[in-house]
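All of these numbers come straight from a predicted model, not from anything done at the bench. Ligands are counted one by one from 1 in listed order, and the atoms in each one are counted from 1 as well.
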Amino acid sequence: MTTLPLIYAPDVVAAKDAGQPIVALESTIITHGMPYPQNVETARLVEAEVRAHGAVPATIAVLDGNLHIGLTEDQLTDLAQRSYVAKLSRADIAACIATCGTGATTVAATMIAAHLAGISVFATGGIGGVHRGAELSFDISADLHELAQTPVTVVAAGAKAILDLEKTYEVLETLGVPVIAYGQDALPAFWSASSDHAAPLRMDDSSQIACAHMMRAAMGLRGGQFIANPIPTESEIPAGELAPHIDQALQEADAQGISAKQVTPFLLGRIFELTEGRSLTANIALVLNNARLAAQIAGNLSAFKD
Ligand code: PSU
Ligand code: MN
């Protein structure tokens, strides 16, 4: 086997043929970001939210060596229940396919797959970024470099608040990635609607975001856009309330020597326990909110292309 085994879900093929808007969704949030059964329930709700706003969802994953663009109900349920699934980024997605493995795609790998499939808009919870203490650990998510090179507009609720937000946004600036806050001046901080960081760019209208995506393409600029969409305030956990839990989870990760790909899943899991589930409720609300905005942007993009 030397050709890429790309498998489209039937409704994604139909949407592509008809030029309908499509929104890519990642699978690492399902396998490594949320516990079962809330993970599969959320994945279904997110797909429904995309549909309710006029676009077709395409959840992306590698299953038994095939790169799937859109999963069936059974595939989604099976993936969500598995106890061990690889977490795939740019470095390992091709190796997983070549060895007939199964893996969930992170933001970086989902962007790569979405672009291959001709999908321009992708919704998730929060992107990876520069971890606190990165000056020693060098732990910087491959998501940032992917945003710099793959032309997909990614809608997220900011970088996850477990990260060093200041350094994350510095790196994005260096890499030439547009960071656009939706509807407010401050950058959101994942579980919290706001942060102390001013957003470099602000847009209040999804069609401007779609237009900016097209302008980058027209100018031959590489890379995507990062849309920082704040969690609805009724669902947020204020940053001050969350800070001690984040600090405790970080200390535990350090004490237990958690490193590399395990860091983010460990921290999300501990914060879920320390907030007695509130972080998960907020995470679900913010992903749904991102799915809505992404569907609108995808709709605007399709309308421009008509
Ligand atoms: N958004 C969420 N939960 C998650 C993620 C995003 O709400 O678990 C995942 C994404 O797949 C992202 C990854 O790419 O976390 C970041 O992992 P790392 O820090 O190891 O690059
Ligand atoms: Mn990392």
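- Here the protein heavy atom with the shortest distance to atom 19 (O) of ligand 1 is T264 OG1, 2.7 Å.
- Counting only heavy atoms from C-beta outward, the side chains of E173 and V179 never approach each other to under 4.5 Å.
- Two residues are said to be in side-chain contact when any heavy atoms from C-beta on lie closer than 4.5 Å; I246 and R132 meet this criterion.
- At a 3.5 angstrom cut-off on N or O pairs, V107 counts as close to ligand 1.
- Numbered from 1 in the order shown, with element, the atoms of ligand 1 that lie under 4.0 Å from a heavy atom of H131 read 19 (O).
- Side chain to side chain, T106 and E26 fail the donor-acceptor criterion of an N or O pair below 3.5 Å.
- Atoms of the protein (N, O or S only) found under 2.8 Å from the Mn ion (ligand 2) are D139 OD1.
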- Task: Start with the C-alpha gap between F272 and N283, add the side-chain angles, then the distance that decides, and say whether side-chain contact (heavy atoms from CB on, under 4.5 Å) holds.
- Result: CA-CA 10 Å; F272 167 73; N283 200 342; over 6 Å; no

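- A side-chain donor-acceptor contact under 3.5 Å links S302 to the backbone of A298.
- Atoms of ligand 1 found under 4.0 Å from any heavy atom of F190, numbered from 1 in the order shown, are 7 (O).
- In terms of protein heavy atoms, atom 2 (C) of ligand 1 is closest to I29 CD1, 3.5 Å.
- Of the N and O atoms on the side chains of D205 and S207, at least one donor lies less than 3.5 Å from an acceptor on the other residue.
- Relative orientation of the Y169 and F226 rings is parallel, given thresholds of 30° and 60° on the angle between their planes.
- At least one heavy atom of K160 sits less than 4.0 Å from an atom of ligand 1.
- Nearest protein heavy-atom neighbour of atom 11 (O) of ligand 1: E26 OE1, 2.6 Å.
- K167 contributes atom NZ, which lies 13.0 Å from atom OG1 of T174 (distance to the nearest 0.5 angstrom).
- At least one side-chain heavy atom of I297 sits under 4.5 Å from a side-chain heavy atom of V155.
- Of the protein's non-hydrogen atoms, G126 N, 3.0 Å is the one closest to atom 1 (N) of ligand 1.
- Checked by atom type, the side-chain pair T153/Q225 shows a donor-acceptor distance below 3.5 Å.
- Ranking the protein heavy atoms by distance from atom 21 (O) of ligand 1 puts S141 OG, 2.7 Å first.
- For a threshold of 3.5 Å applied to N or O pairs, the pair formed by H32 and ligand 1 contains no separation below that value.
- Residue Q184 holds its CD atom at 15.0 Å from CE of M203, rounded to the nearest 0.5 Å.
- Atom numbering of ligand 1 starts at 1 in the shown order; those under 4.0 Å from a heavy atom of T124 are 1 (N), 6 (C).
- Near L268, with a cut-off below 4.0 Å to any heavy atom, the atoms of ligand 1 are 3 (N), 4 (C), 8 (O).
- Distances from atom 20 (O) of ligand 1 to the heavy atoms of M111, K87, K261 show the closest one on K87.
- Between the side chains of E146 and T150, at least one donor N or O lies within less than 3.5 Å of an accepting N or O.
- In this model, no donor atom of one side chain and acceptor atom of the other lie less than 3.5 Å apart for Q256 and E252.
- Any N or O atom pair closer than 3.5 Å counts here, and D143 shares at least one such pair with ligand 1.
- Considering backbone and side-chain N/O of V287, none are found under 3.5 Å from N/O of ligand 1.
- Using modelled atom types, one finds no donor on one side chain facing an acceptor on the other under 3.5 Å when comparing H245 with T275.
- By the criterion of a heavy-atom distance under 4.0 Å, the side chain of N283, and not its backbone, is placed next to ligand 1.
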